[in-house]
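For reference, the structure discussed in these notes is given below.
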Amino acid sequence: MSGITYVRGDATVPSVKGVKLIVHVCNDIGGWGKGFVLALSRRWPEPEAAYRAWHRDRAHNDFGLGATQFVQVEKYVWVANLIGQRGTRTGSKGVPVRYEAIDAGLAHVATKAAALDASAVHMPRIGCGLAGGNWSRVEPLIMRRLAERGVAVTVYDHGE
């Protein structure tokens, strides 16, 4: 049993009842403009505005790898801005994804999902698009931090 449900569709439109928590990975340099964030911004302005303000005030808050910001966008929908990638480009230190940061962020997500009594956590294949990560390394983190703790997880693959 995987503990994760995989579906085709748009992770910004989870079709279940109850409180929904949408998780995605952000970079640690304040960039918002490519990938899944575009879908979020088309639906709600709040996650981008909150992320930019969080980054702008980073000298006075917890902004950084592994941190997670929770933004309520509808009565029953929250978005988790999880800082899980270093920069935005592949360079001498490899791809931007930071698995340990995703792991730490998912621990925050598990706590928030429980506090909200969320019906499920929804996400694209976090860390595996522009961040350059491998799902074979991300999936076990989701299993350990969420699915094995009884948090329902739905992963969305966009497109046909």
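- Under the 4.5 Å side-chain contact rule for hydrophobic residues, V95 and F36 do not share a cluster.
- Scored by the side chain to side chain contact (heavy atoms under 4.5 Å, CB included) test, V151 finds A113, V121, L146 as partners (sequence neighbours excluded).
- Atom CZ of residue R149 and atom CZ of residue R144 lie 7.5 Å apart, to the nearest 0.5 angstrom.
- Summarising the geometry, atom OG1 belonging to T12 is positioned 12.5 Å from atom NZ belonging to K20; distances are rounded to the nearest 0.5 Å.
- Hydrophobic clustering, with ILVMFWY side chains joined whenever heavy atoms are under 4.5 angstrom apart, keeps V79 apart from L21.
- In the displayed structure, Y76 atom OH is contacted under 6.0 Å by at most 12 heavy atoms of other residues, nucleotides or ligands.
- The closest donor-acceptor contact from the side chain of R98 to the backbone of L65 lies at 3.5 Å or more, if one exists at all.
- Distance CG/D10 to CG/D157: 12.0 Å, rounded to 0.5 Å.
- I126 is listed as a side-chain neighbour of L106, based on a closest heavy-atom distance under 4.5 Å.
- Atom CG of residue L141 and atom CD of residue E100 lie 9.5 Å apart, to the nearest 0.5 angstrom.
- A131 and P96 make their closest contact through O-CD, 3.2 Å (heavy atoms, listed as atom of the first residue, atom of the second, distance).
- The salt bridge (Lys or Arg N to Asp or Glu O under 4.0 Å) analysis of residues 21-38, with sequence neighbours excluded, yields the pairs D28-R86.
- For the pair V71 and W54, the minimum side-chain heavy-atom distance is 4.5 Å or more.
- The aromatic rings of H55 and Y51 lie parallel to each other, with less than 30° between the two planes, well short of the 60° mark.
- Counting all heavy atoms, side chain and backbone alike, S119 lies closest to G18 at OG-C, 4.0 Å.
- In terms of heavy-atom proximity, L130 sits nearest to G35 at CD1-N, 3.6 Å.
- With sequence neighbours excluded, the residues satisfying side chain to side chain contact (heavy atoms under 4.5 Å, CB included) with Q72 are W78.
- When the side chains of ILVMFWY residues are joined at heavy-atom separations under 4.5 Å, either directly or via intervening members, L116 and V16 end up in two distinct hydrophobic clusters.
- Placement of F70 and I22 in two distinct hydrophobic clusters is found when ILVMFWY residues are connected by side-chain heavy-atom separations under 4.5 Å, directly or transitively.
- Between the T68 side chain and the N81 main chain, no donor and acceptor come within less than 3.5 Å of each other.
- Residues R125 and Y6 form a side-chain contact, since some pair of their non-hydrogen atoms from C-beta on lies under 4.5 Å apart.
- Looking at N134, its side chain never comes within 3.5 Å of a backbone N or O of S136 through a donor-acceptor pair.
- For residues 106-117, the set of pairs meeting the side-chain hydrogen bond (donor to acceptor under 3.5 Å, both in side chains) definition, not counting sequence neighbours, is empty.
- Contact record, M123 with V23: CB-O, 3.3 Å, taken as the closest heavy-atom pair.
- Put simply, V155 and V37 are part of two different groups of oily side chains (I, L, V, M, F, W, Y) that touch within less than 4.5 Å, one to the next.
- Using a 4.5 Å heavy-atom cutoff, the side chains of R43 and V73 are not in contact.
- Nearest heavy atoms, F63 versus I83: CE1-CD1, 3.7 Å.
- Between E74 and W44 the shortest side-chain heavy-atom distance falls below 4.5 Å.
- Counting only residues at least two apart or in different chains, side-chain hydrogen bond (donor to acceptor under 3.5 Å, both in side chains) contacts with residues 88-97 are absent.
- Listed by chain and number, the residues in a side chain to side chain contact (heavy atoms under 4.5 Å, CB included) with E48 are W32, S41, R52 (sequence neighbours excluded).
- Of all non-hydrogen atoms in G3 and A147, the two that sit nearest each other are O-CB, 3.4 Å.
- Ring orientation note: the planes of Y156 and H122 are tilted relative to one another, at an angle of 30° to 60°.
- Looking at heavy atoms from C-beta onward, V109 lies out of side-chain contact with R145 at the 4.5 angstrom threshold.
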